[in-house]
Amino acid sequence: MSNFAAFFGALGSSFIYGYNLSVVNAPASFIKAFYNKTWIERYGEPIAAETVTLLWSITVSIFAIGGLLGALSVSSIIRVLGRKGTLLLNNGFAVIAALLLALGETAKSFEMLIVGRFIIGVDSGIALSVLPMYLGEITPKHIRGSIGQFNSILICLGVFTGQVLGLPELLGQVSRWNHLFSFLAVPAVLQLCVLPFLPESPRYLLMERRDEAGAERAFQRFLGKKDVSQELEEVHAEARAQDNVQRASVLQLLKNPAVHWQLITIMITMACYQLCGLNAIWYYTNGILLEAGFAKNIIPYITLSTGAIETLAAIASGLVIERIGRKPLLIFGFSAMAVFFSLLTVFLNFQDSVSWMPYLSYICILAVIASFCSGPGGIPFILTGELFEQSYRPAAFMIAGTVNWLSNFAVGLLFPFIQKLQSFAFLVFVVVCILGSIYLYFVLPETKNQTFMDISQSFAKINKISAPAQEMELVLSMKPDVNGKAQDVTNMDSSS
């Protein structure tokens with residue numbers, strides 16, 4: 001049941017985000033032509049080149065602004081609707097955005113496209129916070145990482161789907177480009193049909209709704225077993241160990257010294273997720289392929305390999321994350337990116353003098369993409385859910401989402417200046433990847449197969465806070481009796 005919930009949860013959330021990262025590339029020239037045609041019909045003269053560039057820039061960048069607003073609104077929405085309810089509401093944003101984007105040409109309104117991109121950005125901002133939270137809370141600790149990687153896998157699959165549907169033989173034509181946006185409604189409607197029949201997060205039900213019977217039923221459905229007393233007791237122990245079981249605000253999270261290093265770790269990891277240079281790769285890919293001698297009309301087919309590599313690497317990461325761990329995959333991913341960015345810098349500088357050098361450059365591009373998706377592409381979202389206990393989790397995702405979208409915006413703002421370094425631009429990202437790897441090596445503990453309380457305790461020393469040892473002893477001392485109920489095997493009288 002967990003796999004089923006993860007797939008359909010990610011299909012209507014992460015997949016849509018990934019799809020929107022790539023879907024605007026193929027119809028860019030058609031959309032600009034539509035802007036010009038609409039302008040002539042309204043004002044009787046062609047649109048100025050500067051104006052069409054401005055409108056196109058707004059159309060692309062407003063997605064990130066919507067994402068930031070979505071991330072900022074998550075904590076308030078889930079307080080009312082819960083995890084599952086928020087995901088269901090989010091499908092409404094996706095359907096509305098699909099209608100606006102698909103019907104903008106028919107209505108002769110480029111404003112509808114811009115508003116549609118903003119709304120789908122809001123959808124993505126909410127999805128990237130709520131889905132990892134939901135997945136982390138519905139799965140047992142021994143498969144929490146692999147289930148969490150559904151988020152990354154479906155993002156990559158969404159990117160690849162956008163590339164495929166944007167091919168000229170499919171929807172990448174002047175008469176069909178609006179159908180690229182109609183497709184957004186398909187995964188949203190599928191999730192709307194399936195998600196109502198899946199349980200709410202049992203941790204949310206038990207700790208925030210005080211619905212123990214509902215939490216027990218949810219655990220039973222997700223885990224596929226009747227005896228879930230151990231899982232229930234783990235959540236009860238976590239609740240007893242927290243100073244405040246009620247949801248904490250962002251300000252309370254920022255002020256609490258017991259979570260300072262968790263917060264710093266998430267902020268740095270999320271910033272590195274956006275600033276590690278993957279976005280810059282897409283800018284250089286077509287130019288490198290042209291230098292290699294490939295005809296311009298076949299380049300879209302060759303670049304499909306980037307989406308395929310992304311998806312395969314994310315799947316491979318999901319398969320090994322519970323054996324290797326989060327920390328090694330993150331450090332390996334960032335370190336490998338630094339190595340291949342360095343090699344790419346060398347290859348680009350010799351590209352004009354050696355005929356076969358562009359092929360090596362393209363191999364490096366694929367290696368950078370695979371390195372990113374092996375760890376840094378998905379694990380930051382998993383860690384955000386793992387490093388914080390229940391009461392702090394919504395505020396933590398709100399902060400992580402804000403850092404994510406602000407960093408995304410910063411990349412778009414700074415990249416034109418970084419481009420002036422030409423082939424040496426990638427050295428900037430080498431520095432980011434190396435610094436990120438060093439920080440993670442010294443600060444981040446391994447979280448695989450750990451309870452949320454275990455993870456909090458592992459940060460207690462660096463936060464200079466005494467760990468909730470009594471509650472940890474309680475959890476470790478609980479084991480099922482012959483009737484399947486949790487039984488305390490220590491002498492609790494002496495500790496009371």
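Only a predicted model underlies this, so the values are computations on that prediction, with no experimental measurement involved. Note: hydrogens, waters and symmetry copies are ignored here, and every other heavy atom, side chains too, is used.
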Subject >> Derivation of the side-chain contact (heavy atoms from CB on, under 4.5 Å) call for Glu310 and Thr306 >> reply: CA-CA 6 Å; Glu310 269 193 307; Thr306 59; 5.8 Å; no
**OP:** Would you please test Leu330 and Leu383 for side-chain contact (heavy atoms from CB on, under 4.5 Å) and show each step?
**Re:** CA-CA 11 Å; Leu330 270 176; Leu383 285 179; 3.5 Å; yes
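- Screening residues 4-13 for salt bridge (Lys or Arg N to Asp or Glu O under 4.0 Å), with sequence neighbours left out, gives no hits.
- Within the 4.5 Å cutoff, no side-chain heavy atoms of Ile65 are placed close to those of Trp405.
- Applying the 6.0 Å contact sphere to CZ of Phe183 captures more than 12 heavy atoms from other residues, nucleotides or ligands.
- For Arg144 and Phe452, the positive end sits near the middle of the six-membered ring, less than 6.0 Å away and at most 45° from its axis.
- Between the side chain of Asn151 and the backbone N or O of Pro132 there is no donor-acceptor pair closer than 3.5 Å.
- The distance from atom CG of Leu100 to atom CD1 of Ile96, rounded to the nearest 0.5 Å, is 7.5 Å.
- In this pair, Tyr19 and Phe15 present their aromatic rings parallel. The plane angle is below 30°, not in the 30 to 60° band.
- Classified by interplanar angle (parallel below 30°, tilted 30° to 60°, perpendicular above 60°), the ring pair Phe63/Tyr17 is parallel.
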Subject >> Step-by-step side-chain hydrogen bond (donor to acceptor under 3.5 Å, both in side chains) determination, Thr451 to Glu234 >> reply: CA-CA 8 Å; Thr451 67; Glu234 180 187 315; 5.1 Å; no
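- Between atom CD1 of residue Ile143 and atom CG of residue Asn3 there is a gap of 6.5 Å, rounded to the nearest 0.5 Å.
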Subject >> side-chain hydrogen bond (donor to acceptor under 3.5 Å, both in side chains) evaluation trace for Gln262 with Asn463 >> reply: CA-CA 9 Å; Gln262 292 96 309; Asn463 282 320; 2.8 Å; yes
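- Put simply, the side chain of Phe332 reaches to within 4.5 Å of the side chain of Ser374, judged on heavy atoms.
- To the nearest 0.5 Å, atoms CE (Met133) and CD1 (Ile78) are separated by 4.0 Å.
- For the residue pair Gln220/Arg217, the side-chain donor-acceptor check at 3.5 Å is not satisfied.
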Original post:
Does the side-chain contact (heavy atoms from CB on, under 4.5 Å) test come out yes or no for Val403 and Gln274, once each step is laid out?
Top reply: CA-CA 9 Å; Val403 172; Gln274 288 289 352; over 6 Å; no
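- When all heavy atoms are compared, the tightest approach of Ala370 to Ala313 is O-CB, 3.6 Å.
- Distance check: Asp227 CG to Leu232 CG gives 9.0 Å after rounding to the nearest 0.5 Å.
- Residues Ser456 and Met453 form no side-chain contact, since every pair of their non-hydrogen atoms from C-beta on lies 4.5 Å or further apart.
- Side chain of Glu216 to backbone of Val228: no donor-acceptor contact under 3.5 angstrom is found.
- Here the closest heavy-atom approach between residue Asn404 and residue Leu128 is recorded as ND2-CD1, 4.0 Å.
- No more than 12 heavy atoms of other residues, nucleotides or ligands sit less than 6.0 Å from atom OH of Tyr441.
- Of all the heavy atoms in Leu223 and Pro140, the pair that sits closest is CD2-CD, 3.4 Å.
- The side-chain heavy atoms of Phe381 and Met270, taken from C-beta on, include a pair separated by under 4.5 Å.
- Judged by distance alone, with hydrogens and angles left aside, the side-chain atoms of His260 form a donor-acceptor pair with the main-chain N or O of Leu254 at under 3.5 Å.
- Residues passing the side chain to side chain donor-acceptor pair (under 3.5 Å) test with Ser342: none are found, sequence neighbours excluded.
- Between the side chains of Thr86 and Tyr134, not a single donor N or O lies within less than 3.5 Å of an accepting N or O.
- Side-chain contact between Ile399 and Ile266 is absent, with no heavy atoms from C-beta onward closer than 4.5 Å.
- The minimum heavy-atom distance between Ala336 and Ser371, with the atom names listed, is CB-OG, 3.3 Å.
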**OP:** Check step by step if side-chain contact (heavy atoms from CB on, under 4.5 Å) holds for Leu329 and Ile379.
**Re:** CA-CA 8 Å; Leu329 284 176; Ile379 294 177; 3.6 Å; yes
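- Between Leu192 atom CG and Leu87 atom CG the span is 10.5 Å, to the nearest 0.5 Å.
- Ser2 places a side-chain N or O within 3.5 Å of a backbone atom of Phe222 that can act as its donor or acceptor partner.
- Taking the side chain as every heavy atom from C-beta outward, Ser407 and Val411 never approach each other to under 4.5 Å.
- Pairing each heavy atom of Ser14 with each of Leu131, the nearest pair is OG-CD2, 3.0 Å.
- Taking 4.5 Å as the limit, some side-chain heavy atom of Leu198 sits within range of a side-chain heavy atom of Phe4.
- Lys141 has its side chain out of reach of Lys448: every pair of non-hydrogen atoms, C-beta onward, lies at least 4.5 Å apart.
- Once rounded to the nearest 0.5 Å, the distance linking CD1 of Ile363 with CG of Leu343 reads 11.0 Å.
- When all heavy atoms of Ser22 and Gln163 are compared, the pair lying nearest together is OG-N, 3.8 Å.
- Side chains of Gln149 and Ser317: a donor-acceptor N/O pair is present below 3.5 angstrom, by distance only.
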**OP:** Applying side-chain hydrogen bond (donor to acceptor under 3.5 Å, both in side chains), run through Glu137 and Ser201 and close with a yes or a no.
**Re:** CA-CA 6 Å; Glu137 293 178 3; Ser201 158; 2.6 Å; yes
**OP:** For the pair Tyr439 and Thr269, evaluate side-chain hydrogen bond (donor to acceptor under 3.5 Å, both in side chains) and give the outcome as yes or no after the intermediate values.
**Re:** CA-CA 9 Å; Tyr439 176 87; Thr269 308; over 6 Å; no
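- The salt bridge (charged side-chain N to carboxylate O under 4.0 Å, His left out) test with Glu231 singles out one residue from Lys225, Lys226, Arg203, and that residue is Lys225.
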**OP:** Run the numbers on Arg393 and Glu208 for salt bridge (Lys or Arg N to Asp or Glu O under 4.0 Å), then give the verdict.
**Re:** CA-CA 12 Å; Arg393 201 167 292 132; Glu208 298 186 39; over 6 Å; no
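- For Tyr273, there are no side chain to side chain donor-acceptor pair (under 3.5 Å) partners at least two apart in sequence or on another chain.
- Side-chain atoms of Glu200 come within 3.5 Å of backbone N or O of Arg83 as a donor-acceptor pair.
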